[in-house]
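In what follows, residues are counted from 1 in the order of the sequence shown.
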Amino acid sequence: MDMRPVGLALVLATGMGGMASGRETAEPAPPARGFRTFCEERVQGHLELGLRFSAVSLRTREKWDSTGRHGFVGTISHLNEEQSGWPYNVSAAYFFDPHFGVDLQWEQLRAQAVTTSQDHHVDGTYDAKGPSLMAVGRLPLVWGLAPYLGVGLNFPSVDFEPEAWWRLGYSCPSDYEPGSEMRYGGKTRHMDTRADGAACLAATAGMRWRATGNWALDVNVRYVDVEAVSHHYSTEATGKINDHGENSIPLAYVAFGAGLVHAF
């Protein structure tokens, strides 16, 4: 009996079995966890994003010593808030459970530096902005209402943006030709401004009403205790520096906000 056909058949059968076994072992095992599972467990019901319109109100607007004829800085005696028509107050909150979480918000303030002169001209604008990180507690009630409180720190950056005429040494804007870089009497004014400290107190209180499954209306009041320091000096054409010293600029303010929050 010729065994060659039988041997060939056995070899082919063994090879086919090995290929089938290889295919079985090459199939990847299903992942234990996926992105969808992560979102369901760690994002949904925890993450909230908000956007609000805000109006700001400074705690201190006026300062003038008539005897020494001195305001916040020199003749700057009034701070006038600039209100923004844009919803700049962006927030991202993460709640560990229905009652407690952390909230990261963006805050900003612009205040014009107004003088005691007859025309009450503006020398420049103080600009304070930065994020606030707060611990938040809330109490879910009926009808989708949830009052909340938060407290934490704001990390401000403060600057002074001078008017061109003031920087170039003119006494009032009427003496200045717009667009000119000609210094009056060779003088250049400076107002180096910084935040007094890396962080300050930030607090919030508000009410949220969940209108739909994921969207809520939010109203709140926020307090940011910003304090600035301005170093006022001028330089002459000869190189002489006239140092007028440092002054404390109180920029603490209350912001009233209203907007929308999306809960994931």
Side-chain angles (χ1 to χ4, degrees), residues 30-59 80-111 125-158 195 198-226 251-264:
R33 294 174 57 87
F35 179 73
R36 183 173 181 179
T37 304
F38 172 81
C39 290
E40 290 175 350
E41 294 182 358
R42 300 298 182 185
V43 177
Q44 293 181 9
H46 298 279
L47 180 63
E48 299 180 358
L49 301 179
L51 186 63
R52 302 172 189 85
F53 294 91
S54 296
V56 295
S57 176
L58 283 162
R59 283 185 58 194
N80 184 30
E81 309 96 329
E82 288 187 1
Q83 306 297 342
S84 174
W86 296 95
Y88 68 83
N89 180 235
V90 181
S91 67
Y94 189 87
F95 282 87
F96 306 105
D97 59 38
H99 298 93
F100 299 102
V102 292
D103 193 3
L104 181 65
Q105 299 193 20
W106 180 261
E107 296 289 359
Q108 68 182 48
L109 164 78
R110 288 180 60 84
T125 304
Y126 287 101
D127 184 17
K129 56 190 175 184
S132 293
L133 181 62
M134 294 176 284
V136 180
R138 67 182 178 187
L139 181 63
L141 302 175
V142 295
W143 305 308
L145 294 172
Y148 60 88
L149 294 171
V151 64
L153 295 173
N154 176 262
F155 303 90
S157 172
V158 184
C200 62
L201 174 68
T204 185
M207 176 71 74
R208 188 165 299 172
W209 174 58
R210 179 163 290 191
T212 66
N214 297 97
W215 290 96
L217 298 175
D218 181 271
V219 292
N220 68 18
V221 58
R222 309 182 304 275
Y223 174 72
V224 184
D225 193 27
V226 181
L251 297 177
Y253 63 94
V254 177
F256 303 91
L260 293 175
V261 173
H262 179 76
F264 288 83

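Residues that satisfy the salt bridge (charged side-chain N to carboxylate O under 4.0 Å, His left out) test with Arg138, not counting sequence neighbours, are Glu48. In this structure, the ring pair (Phe, Tyr, Trp, His ring centres under 6.0 Å) partners of His262, at least two apart in sequence or on a different chain, are Trp215, Phe264. With sequence neighbours excluded, no residue forms a salt bridge (charged side-chain N to carboxylate O under 4.0 Å, His left out) with Asp103. In this view, Val90 and Leu51 satisfy the side-chain contact (heavy atoms from CB on, under 4.5 Å) rule, not counting sequence neighbours. The side-chain hydrogen bond (donor to acceptor under 3.5 Å, both in side chains) check on Asp127 picks up nothing, with sequence neighbours excluded. Residues satisfying the side-chain hydrogen bond (donor to acceptor under 3.5 Å, both in side chains) criterion with Thr125, sequence neighbours excluded, are absent altogether. Qualifying side-chain contact (heavy atoms from CB on, under 4.5 Å) partners for Ala199, counting only residues two or more places apart in sequence or in other chains: Leu153, Phe155. With sequence neighbours left out, Ala203 forms a side-chain contact (heavy atoms from CB on, under 4.5 Å) with no residue at all. Remark: Ala205 pairs with Leu149, Val221 by the side-chain contact (heavy atoms from CB on, under 4.5 Å) rule, at least two apart or across chains.
Residues Tyr126 and Leu251 meet the side-chain proximity criterion, which asks for heavy atoms closer than 4.5 Å. Between Asn220 and Arg52, some side-chain heavy-atom pair lies under the 4.5 Å cut-off. The closest side-chain heavy-atom distance from Val261 to Leu217 is not below 4.5 Å. Using a 4.5 Å cut-off on side-chain heavy atoms (C-beta onward), Ser54 and Gln83 make no contact. Side-chain contact between Ser91 and Leu49 is absent, with no heavy-atom pair separated by less than 4.5 Å.
Pairs of residues two or more places apart, or lying in two chains, never qualify as salt bridge (charged side-chain N to carboxylate O under 4.0 Å, His left out) while including a residue from residues 252-264. Evaluation of the salt bridge (charged side-chain N to carboxylate O under 4.0 Å, His left out) test over residues 80-90, restricted to residues two or more places apart or in two chains, returns Arg61-Glu81, Glu82-Arg110. Within the structure, the side chain to side chain donor-acceptor pair (under 3.5 Å) test picks out no pair touching residues 251-261 (sequence neighbours left out).
The shortest heavy-atom contact between Pro98 and Pro140 is O-CG, 3.8 Å. The two atoms that bring Ala198 and Pro156 nearest to each other are O-CD, 3.7 Å, heavy atoms only. The shortest heavy-atom contact between Arg210 and Ala263 is NH2-CB, 3.4 Å. When all heavy atoms are compared, the tightest approach of Trp106 to Tyr88 is CD1-O, 3.9 Å. The shortest heavy-atom contact between Met134 and Gly152 is CG-N, 3.6 Å. A pairwise comparison of heavy atoms in Asp225 and Cys200 identifies O-CB, 3.2 Å as the closest pair.
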For this session: Given side chain to side chain contact (heavy atoms under 4.5 Å, CB included), test Val158 with Val226 step by step and report yes or no.
Result: CA-CA 9 Å; Val158 184; Val226 181; 4.0 Å; yes
For this session: Would you please test Leu145 and Arg208 for side chain to side chain contact (heavy atoms under 4.5 Å, CB included) and show each step?
Result: CA-CA 6 Å; Leu145 294 172; Arg208 188 165 299 172; over 6 Å; no
Problem set entry | Steps toward side chain to side chain contact (heavy atoms under 4.5 Å, CB included) verdict (Leu139, Tyr148) | CA-CA 6 Å; Leu139 181 63; Tyr148 60 88; over 6 Å; no
Exercise. Side chain to side chain contact (heavy atoms under 4.5 Å, CB included) between Val151 and Leu201: does it pass, once the steps are laid out?
Worked result: CA-CA 8 Å; Val151 64; Leu201 174 68; 3.9 Å; yes
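Side-chain N/O atoms of Glu107 and Asn154 include no donor and acceptor closer than 3.5 Å.
Ring centers of His46 and Tyr94: under 6.0 Å apart, within the cut-off.
The closest donor-acceptor contact from the side chain of Gln105 to the backbone of Ala92 lies at 3.5 Å or more, if one exists at all.
Rounding to the nearest 0.5 angstrom, the gap separating the CH2 atom in Trp143 from the CH2 atom in Trp209 is 12.5 Å. One distance of note links OH of Tyr223 with CZ of Arg59; it measures 4.0 Å at 0.5 Å rounding.
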